[in-house]
Amino acid sequence: MSGLFGSLSVALSGLSVSQQEMETTSNNVANANTPGYTREVSDVTAADPVEIGSLSVGTGVVLEKIESLRDPMLQIQINQATQQNSALNASLTQLQQIQTQFASASSGIGADISNFFKSLQQLSPDPSNLTLRQGVLTAANTLATDFNNAAQNLQTQRTNVDQNVVQTVTQVNSLTSQIASVDQQIGNLKSINQDPGALVDTQNNLIQQLSGLIDVQVIPTDQGITVATSNGTTLVSGSQSFALTTQAGDGAQHIMAGTEDITNSLTGGSLAGLIQIRDQEIPSIGTSLDQLAAGLANALNTANAQGTALNGYLGGDIFVPPPAGGVGAAATLTVNITNPALIAASSDGTPGSNGNLANLSAVANQDVANGQTPIDAYSTLVGQVGSATSNTSADADSSGLILQQLQDQNGSVSGVSLNEEASNLIQYQTAYQAAARIVSTIDSLLSDAVNLGLGAAVQ
């Protein structure tokens with residue numbers, strides 16, 4: 001190709017490519033604030049030259065493709081950081097709720113324990129005073145009620161977390177279904193050599209949302225992508241998704257992949273955080289609470305049995321004996337007597353004796369749970385909750401900073417810079433104007449060529 005028409009073709013290719021580059025830049029600017037949008041660039045190359053004699057003549061420019069700028073490795077790191085951060089935040093939210101029940105060793109059950117032993121001290125100077133005896137029973141009832149409430153609150157929270165697990169599995173299934181659908185659309189576009197950049201952005205956003213719920217790994221294949229959990233459970237394979245289910249068992253919902261129970265193999269996402277709270281933290285706190293309730297009740301019952309009541313009979317149980325092994329002791333702790341005269345204050349059978357009150361009061365300094373006194377055991381429980389909350393909060397903050405750093409790095413690669421796009425737009429506009437000037441010049445030359453000799457012919 002040579003001559004004016006060849007030059008015109010070259011100029012037209014420049015016009016077309018510059019126009020497409022401006023459209024690409026305009027699209028970037030329009031989506032500058034679109035979450036998850038990946039910046040696009042036009043990939044242009046010189047058209048194949050033609051050989052004219054000993055010369056190689058250029059034939060213009062060709063737009064090869066419009067490419068979305070992505071860093072696959074960075075995206076993998078973002079998904080992994082999202083999984084960890086979501087798990088920690090899910091755990092932290094639940095721990096903060098638990099912490100409100102065990103905020104201080106000097107309030108709640110801790111205060112109730114102190115008040116009970118104070119009521120025994122108040123009874124000591126006048127052991128036959130029914131009003132003071134009733135004060136002891138009132139303190140015992142308050143203690144039992146707060147143990148009951150704490151245990152019930154823990155169980156209620158565990159039930160709520162269990163429901164959250166079911167809801168989260170439903171969200172996981174919804175996202176995997178969408179990912180599979182988008183993967184099919186991407187495949188359809190690739191099959192006709194169309195750019196699927198916008199759909200890939202959508203798919204990546206869905207995968208990142210999924211990473212916030214469950215630990216996933218993404219494996220590219222010839223048929224699209226495969227999305228699986230860290231233990232290898234397939235969630236998406238190309239255009240097909242595989243739904244998870246929940247199944248009740250052992251008082252909690254188990255997560256099933258077909259017939260396989262994958263509950264304990266999940267390591268990331270909010271599901272892992274919820275399961276850790278439901279199956280580890282809450283049961284551990286509940287066990288400590290039961291041990292304290294059972295140990296305190298048994299110790300006080302033993303001490304009361306060593307003295308005599310106002311009726312001269314040996315003292316009975318102040319609290320209903322806890323279940324064997326202490327399991328459920330906090331939830332079922334109940335005062336066994338309603339008659340204040342049955343408090344065995346006497347050590348010699350006389351109504352005015354207070355000798356056995358010393359045995360009852362001594363329980364405050366006895367090892368009743370895990371080798372600790374009642375107050376120390378409760379303080380340890382409060383510390384257990386506080387430490388878990390504090391450590392998880394610190395880990396969540398650190399994880400959040402890492403995630404933010406990765407997102408910033410990704411933004412520097414895939415994000416839209418309005419300053420850069422403005423500069424590019426000027427560059428493409430200038431190239432377009434230059435190509436248009438060439439077209440105009442060639443048009444003028446062609447007109448002159450066509451009109452050559454017309455004047456002479458008229459004469």
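All values below were derived from every heavy atom in this structure, side-chain atoms included, with hydrogens, water molecules and symmetry-related copies excluded.
- A salt bridge links R158 with D279: the distance from a Lys NZ or Arg NE/NH1/NH2 to an Asp or Glu carboxylate oxygen falls below 4.0 Å.
- Between V172 and L244, the shortest heavy-atom contact is CG1-CD1, 4.2 Å.
- A distance-only check finds a donor-acceptor pair linking the side chain of D201 to the backbone of T38 [under 3.5 Å].
- Taking every heavy atom of both residues into account, L123 and V136 meet most closely at CD2-CG2, 4.0 Å.
- Counting only heavy atoms from C-beta outward, the side chains of L137 and T338 never approach each other to under 4.5 Å.
- With contacts defined as side-chain heavy-atom distances shorter than 4.5 Å, the pair V368/T373 does not qualify.
- D112 and Y378 form no side-chain donor-acceptor contact under 3.5 Å, judged by distance and modelled atom types alone.
- Annotation for P322 and N298: closest pair CD-OD1, 3.1 Å, computed over non-hydrogen atoms.
- Proximity of Q253 to V169: side-chain heavy atoms (C-beta onward) are nowhere separated by under 4.5 Å.
- With contacts defined as side-chain heavy-atom distances shorter than 4.5 Å, the pair K65/D195 does not qualify.
- Closest of all the heavy-atom pairs between P196 and L189 is CA-CD1, 3.9 Å.
- Between the side chains of D183 and S181, no donor-acceptor pair of N or O atoms lies under 3.5 Å.
- Using a 4.5 Å heavy-atom threshold, the side chains of L69 and E40 count as separate.
- With 3.5 Å as the limit, one finds no donor-acceptor pair spanning the side chains of Q209 and N205.
- Side-chain contact between I113 and L296 is present, with heavy atoms from C-beta onward closer than 4.5 Å.
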Quiz item: Can you check side-chain hydrogen bond (donor to acceptor under 3.5 Å, both in side chains) on Q208 and N204, steps first, answer last?
Solution: CA-CA 6 Å; Q208 189 165 348; N204 285 341; over 6 Å; no

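- Scanning all heavy atoms of the two residues, the minimum distance from S353 to S347 falls at OG-N, 3.0 Å.
- By the 4.5 Å heavy-atom criterion applied to side chains, R39 and S414 are not counted as neighbours.
- Side-chain atoms of T24 and S42 form a donor-acceptor pair, as typed in the model, at a separation below 3.5 Å.
- F117 places none of its side-chain heavy atoms less than 4.5 Å from the side chain of L360.
- The minimum heavy-atom distance between L289 and A150, with the atom names listed, is CD2-CB, 3.7 Å.
- Counting non-hydrogen atoms of neighbouring residues, nucleotides and ligands closer than 6.0 angstrom, the CG atom of N311 exceeds 12 such neighbours.
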